[in-house]
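Letters A, B, ... are given to chains in the order of the sequence lines, protein chains preceding strands, and every chain is numbered from 1.
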Amino acid sequence: MLTTADTDASQPEAGREPDARAADVRPSIETREDGSTLHVALAGVWTTRMIGLVDKEMRELANREGGKLVLDLSGVSKMDTAGAWVVERLIAALSDKGTETEVTGGSEAASTLLDAVGESAHNKDEQPSGDTRNIVIRMLEAIGRGVYAMKDDFIASMNILGATIAGAQSKAGRAGHSVNITAIVHHIDKMGVGAIPVVVLMSAIVGAIVAQQGAFQLRYFGAEIFVVDLVGILVWRELGVLLTAIMIAGRSGSAITAEIGSMKMREEVDALKVIGLNPVGVLVFPRLVALVIAVPCLTIAANFAALGGAIFVTYMYSGISPETFIERMRATIDISTIFAGLIKAPFMALIIGTLASVEGMKVGGSAESLGARVTASVVKAIFVVIIVDGFFAIFYAAIDF
Amino acid sequence: MDQTVQEAPAEQQAPHGDPNEIIIEARDVTVGFGGKTVLEHLNLDIRRGEILGFVGPSGAGKSVLLRTILGLNQKQEGTVKIFGTDIDNASDEDKTRVDMRMGVLFQHGALFSALTVLENVQVPMREYLDLPKELMDELAMLKIELVGLKRDAANKFPSELSGGMIKRAALARALALDPDVVFLDEPTSGLDPIGAADFDELVAKLRDTMGLTVYMVTHDLDSLFSVCDRVAVLGQKKVMVEGTIEEMLASEEPWVKSYFRGKRARQLDMETRS
């Protein structure tokens with residue numbers, strides 16, 4: 001009976017075209033007008049795979065008004081829920097318009113299916129509709145929500161910062177154990193020691209580039225030696241700490257958000273709360289403390305790496321010997337320049353850690369929200385770090401530091 | 001003629017097919033990980049239209065067997081034939097054709113968390129079928145209602161659903177293409193007894209209306225007693241016992257005995273007998 005279908009199936013393109021293989025069993029509709037009665041004979045395979053072919057025709061039939069419609073299913077060789085749905089949808093639509101319908105010739109299995117599907121087809125509940133409001137209102141709503149989200153973010157950051165300053169966790173009678181040294185050391189190793197190679201390499205390259213550019217410009221004035229002043233002040237005051245903070249925001253900020261976020265997703269954070277531990281104390285506190293210790297140390301490493309790069313380039317490019325470089329630098333740099341940069345490091349660490357933790361706590365149930373939060377964490381941390389660096393520069397200028 | 005049987009068995013038979021036809025056939029299956037054998041020379045048949053309950057102690061390899069049949073695990077030896085197609089030697093096209101006729105409900109639902117329930121159900125339809133958008137929405141909504149979810153659940157994200165609703169939504173996705181066989185991995189775990197009984201009833205109803213074949217990994221004795229036509233017990237790296245629930249109750253195999261006639265089972269047993 002299906003011999004023709006088989007020859008079709010052996011053709012190479014048959015796999016991509018499921019209806020080609022069953023060309024002779026594709027669903028079909030034949031109509032015959034008989035007075036006010038329309039006889040509709042359905043035949044072929046009415047399954048999910050085939051139903052796309054007759055969907056339009058069946059919708060058109062539903063436009064008929066008045067009279068009677070007889071559906072003959074005896075030619076249907078196979079039917080599944082999709083086929084049954086299309087038939088029941090027609091019946092439901094016609095009964096709304098007052099057209100009588102009669103189903104004949106269906107097999108027992110087909111009528112079970114029609115019954116099961118019918119309930120849904122005749123369900124007059126409103127389909128949940130999308131947002132139909134004006135675009136201006138929706139835009140204003142988005143802005144409003146954004147402002148409130150900013151407020152919530154700020155409060156959450158202050159909350160975490162406050163909880164951290166208050167201490168790891170306030171469990172009664174266990175004051176001696178409240179700070180988990182092991183966790184802090186672990187995080188210093190992961191976020192501090194682990195970051196040394198990349199921070200040192202990056203700083204050395206940037207230091208070398210700044211030195212080369214400075215020397216090239218100053219050469220016109222015969223003032224190449226002043227490249228030492230330029231590099232020295234720039235690196236100690238700004239570059240070292242800023243580069244470190246940006247690198248740590250990308251490297252450790254994202255890790256903190258992802259770690260806390262995935263714990264949030266799997267209700268581990270809730271489990272901590274129920275057990276009686278303070279999630280901020282257990283999760284955020286060690287990371288923040290580790291960052292506050294690690295970032296200044298990394299900043300010092302970054303400063304020396306940048307100066308090393310600069311010394312190398314000024315020697316190769318301008319012929320300034322390392323001894324001269326250091327001599328000249330000692331004359332221009334005093335202790336306040338060094339501290340002007342280093343003081344900023346712990347603040348940067350707090351900003352990165354707090355923002356990353358806040359974003360981590362905001363992760364919802366989906367994988368998508370984890371990705372969105374990690375992105376937000378890194379972007380916000382880098383942005384705020386640069387803004388705060390600007391504020392420090394203004395502040396230092398004002399107090400003549 | 002060979003091909004007729006392989007390619008289009010459903011079209012030429014009674015709507016729900018020949019009940020004795022074996023649609024999944026595992027022969028001599030051996031699976032191991034890192035030198036440790038989990039399944040050894042295992043044989044299993046699944047017949048059209050039956051609900052097969054699959055039980056076994058934790059760690060016996062029930063999930064491994066399920067994943068092996070689905071082709072998610074590599075096996076060292078043996079063949080698995082689904083609808084007569086040997087999936088190891090089948091072309092990509094044949095594999096796709098087989099995949100379209102199977103639906104899987106993973107233990108934790110495995111709904112795509114970035115998509116709504118409606119979009120989750122539409123994923124297989126989009127991939128395999130070329131349907132108008134409107135019809136696809138209708139069909140997805142139909143599947144959602146068939147599994148007993150309310151219409152307003154359709155636009156929710158998986159993270160907004162309860163455990164029972166996730167199972168139902170995942171079942172709706174498994175049924176999206178009107179498969180011939182569905183695999184359920186612990187469908188009633190984590191559901192309350194009433195919800196679990198509803199789910200069992202739903203599975204039985206879908207089997208009757210859609211002519212489904214159901215392969216159910218479960219620990220739920222209620223499910224085994226109420227909906228399963230046949231039970232297979234996995235143990236000692238192979239299918240130890242296979243048969244109806246009556247045969248299980250009569251079995252003298254120690255694990256089977258303690259499982260079906262243990263303290264928790266006795267009560268159920270009495271209910272069904274009386």
Region of B/Leu135 that comes under 4.5 Å of a non-hydrogen atom in chain A: both
Evaluate whether atom CD of A/Glu60 has more than 12 neighbouring non-hydrogen atoms of other residues, nucleotides or ligands under 6.0 angstrom away. yes
Pick whichever of B/Leu206, B/Leu139, B/Leu131, B/Leu111 has the most heavy-atom pairs under 4.5 Å with chain A. B/Leu139
Nearest 0.5 angstrom please: A/Asp55 CG to B/Glu138 CD, how far? 7.0 Å
Mark yes when over 12 heavy atoms from residues, nucleotides or ligands other than B/Gln74 sit less than 6.0 Å from its CD; otherwise mark no. no
Can you name the residues that form a ring pair (Phe, Tyr, Trp, His ring centres under 6.0 Å) with B/Phe183, not counting sequence neighbours? B/Tyr215
CG of B/Asp178 to OG1 of A/Thr47, rounded to nearest 0.5 Å, is 8.0 Å
Is it the case that atom CZ in B/Phe33 sees more than 12 heavy atoms from other parts of the structure closer than 6.0 Å? yes
Closest non-hydrogen atom pair between B/Pro132 and A/Gly52, with its separation: CD-CA, 4.5 Å
Looking at CH2 of A/Trp85 and NZ of B/Lys143, how far apart are the two atoms once the value is rounded to the nearest 0.5 Å? 11.0 Å
Hey, which of B/Glu134, B/Met125, B/Lys205 has the most heavy atom pairs under 4.5 Å with chain A? B/Glu134
Give, as side chain, backbone, both or neither, the part of A/Val76 having an atom under 4.5 angstrom from any heavy atom of chain B. neither
Cut-off 4.5 Å, heavy atoms of chain A, and the answer for B/Glu160 is neither
Minimum heavy-atom distance A/Ala367-B/Ser113, with the two atoms named: N-OG, 2.9 Å
For residues B/Leu142 and A/Thr81, report the shortest heavy-atom separation together with the two atoms involved. CD2-O, 3.7 Å
Pick from A/Glu368, A/Arg59, A/Arg89, A/Lys56: which one has the most heavy-atom pairs with chain B under 4.5 Å? A/Arg59
Report, as yes or no, whether the 6.0 Å neighbourhood of atom NZ on B/Lys95 holds more than 12 heavy atoms from other residues, nucleotides or ligands. yes
